[in-house]
Number of protein chains: 2
Amino acid sequence: MEKYLQILREHGIKVTPQRLEILRFLDTHHTHPSAEDIFHELKKRNPSLSKTTVYNTIQSLMDHGLLISIVFSTHEARFDSVINHHHHLLCSECGKIIDIEVECPFTKEKITGGHRIDEVHGYFRGVCKDCLRKGGK
Amino acid sequence: MEKYLQILREHGIKVTPQRLEILRFLDTHHTHPSAEDIFHELKKRNPSLSKTTVYNTIQSLMDHGLLISIVFSTHEARFDSVINHHHHLLCSECGKIIDIEVECPFTKEKITGGHRIDEVHGYFRGVCKDCLRKGGK
DNA sequence: GCCTCATTTTGTAATATTTACAATCTGATA
DNA sequence: TATCAGATTGTAAATATTACAAAATGAGGC
Ligand SMILES: [Mn+2]
Ligand SMILES: [Mn+2]
Ligand SMILES: [Zn+2]
Ligand SMILES: [Zn+2]
């Protein structure tokens, strides 16, 4: 837990048990969880946890560049503490969101078509490797 | 209007005035409107229009590959009748969603990292050309 | 032209995620 | 230990989307 304490301190985020737990969960579960996923899991050990705290903490971590949101549909946002640039695939078979490590040409260009590009997000839809192996399709 | 009548017929979508109007609006306004935008605009000429019809029609057009949804945030979905592949930039200054015509290497590969890729969406955030010219930043 | 019936439209209600807010709590500091 | 700004909590509000059933529509057959 020392690791997460240090991360929060380095970013000037006041350390609280809730923030430590949320950060730890995100760092140890690279499954792109939703706010509900985080809340549901951490509430087991801390029954007084509030969903508002989860949302507040998520926002705080995003403001400090420690977290990105992944939005495949308006239904819900998913979150990822892996900041180094990568794309994402939503598997139509198993529903998982999977990291795609690719060399994306647009991440390097600061200007494209005259527009300034600050962030690049690649969202793919398809069928993941595991599901292809199992089911065919 | 003959054009949209033909499009619906070709795709086996039953022709109705509402569907014609929605299709026409999308084809003549490449501003990536929201469902609310479409509803609000078309209700002027057809006061009995229902928002459910807008959503139903959007879904139908998407099912037939005539429309794609653009999701930058969970707040709302935006829609685009331009199907030929292109990426999108959300300008943090003016809020517009702008088409980015680029050669994207991932659209050609059917398999990437062992996963099957069916759809590729490129979402950029930044500042558009017009806003750069005006405001600096 | 009229009937029929499947489909569509409409209006309302339900769902669910996210945000707003105020009271309470906490923890660092002096 | 007293203070107090900031964090947490619970509840309520906002809002986009979906579900549903009744009414309307429109193409095809007579
Ligand atoms: Mn990821
Ligand atoms: Mn577009
Ligand atoms: Zn899969
Ligand atoms: Zn702009």
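Values reported hereafter were calculated over all heavy atoms of this structure, with side chains retained and with hydrogens, waters and symmetry mates removed. Below, read A as the first sequence line, B as the second, and so on, with proteins coming before strands; counting in each chain starts at 1.
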Just the rounded figure in Å: distance from P of D/dT8 to CD of A/Glu21. 12 Å
When you measure from the side-chain N and O atoms of B/Gln18 to the phosphate of D/dT25, is any distance below 4.0 Å, counting only OP1 and OP2? no
Filter on ring-ring contact (aromatic ring centres under 6.0 Å, His included), then keep only pairs touching residues 95-132 of chain B, sequence neighbours left out; what's left? A/His87-B/Phe106, A/Phe106-B/Phe124, A/Tyr123-B/Tyr123, A/Phe124-B/Phe106, B/Phe72-B/Tyr123, B/His87-B/Phe124
Under the rule for side chain to side chain donor-acceptor pair (under 3.5 Å), what residues qualify as partners of A/Thr112, not counting sequence neighbours? A/Glu109
Euclidean distance, atom CD1 of residue B/Ile38 to atom P of D/dT17 [Å, nearest integer]: 10 Å
For residues 95-106 of chain A, which residue pairs qualify under side chain to side chain donor-acceptor pair (under 3.5 Å), counting only residues two or more places apart or in two chains? A/His32-A/Asp99, A/His86-A/Asp99, A/His88-A/Asp99, A/Glu103-A/Lys108
How many whole angstroms separate atom CD1 of B/Ile13 from atom C1' of C/dA6? 17 Å
Which residues in residues 67-83 of chain A have a heavy atom closer than 4.0 Å to any atom of DNA chain C? A/His75, A/Glu76, A/Ala77
Is it true that the side chains of A/Ser34 and A/Asp37 contain a donor and an acceptor less than 3.5 Å apart? yes
The correct set of residues in residues 28-35 of chain B placing a heavy atom under 4.0 Å from DNA chain D is none
Pairs: protein N or O with nucleotides 25-30 of chain C N or O, under 3.5 Å:
none

Of all of residues 41-59 of chain A, which get a heavy atom below 4.0 angstrom from DNA chain C, listed by number? A/Thr52, A/Tyr55
Residues 39-54 of chain B vs salt bridge (charged side-chain N to carboxylate O under 4.0 Å, His left out), sequence neighbours excluded, gives B/Glu36-B/Lys51, B/Glu41-B/Lys44
When Ile, Leu, Val, Met, Phe, Trp and Tyr are grouped by side-chain heavy atoms lying under 4.5 Å apart, directly or through other members, which residues fall in the same group as B/Tyr55? none
What I want to find out is whether A/Arg78 reaches A/Asp80 closely enough, with some N-O distance under 4.0 Å, to be called a salt bridge. no
Interatomic distance where CZ belongs to A/Phe39 and C1' belongs to C/dT19 [whole Å]: 16 Å
Take atom NE2 of A/His30 as the centre, draw a 6.0 Å sphere, and report whether it contains more than 12 heavy atoms from other residues, nucleotides or ligands. yes
For residues 120-131 of chain B, which residue pairs qualify under salt bridge (charged side-chain N to carboxylate O under 4.0 Å, His left out), counting only residues two or more places apart or in two chains? B/Asp130-B/Arg133
Distance-only donor-acceptor pairs under 3.5 Å for side chains of residues 60-68 of chain B, two or more places apart:
residue: B/Asp63; atom: OD1; partner: B/Gln59; partner atom: NE2; Å: 3.0
residue: B/His64; atom: ND1; partner: B/Ser60; partner atom: O; Å: 3.0
residue: B/His64; atom: NE2; partner: B/His11; partner atom: O; Å: 3.3

Co-members of B/Val82 in a cluster of I, L, V, M, F, W and Y side chains, linked at under 4.5 Å: none
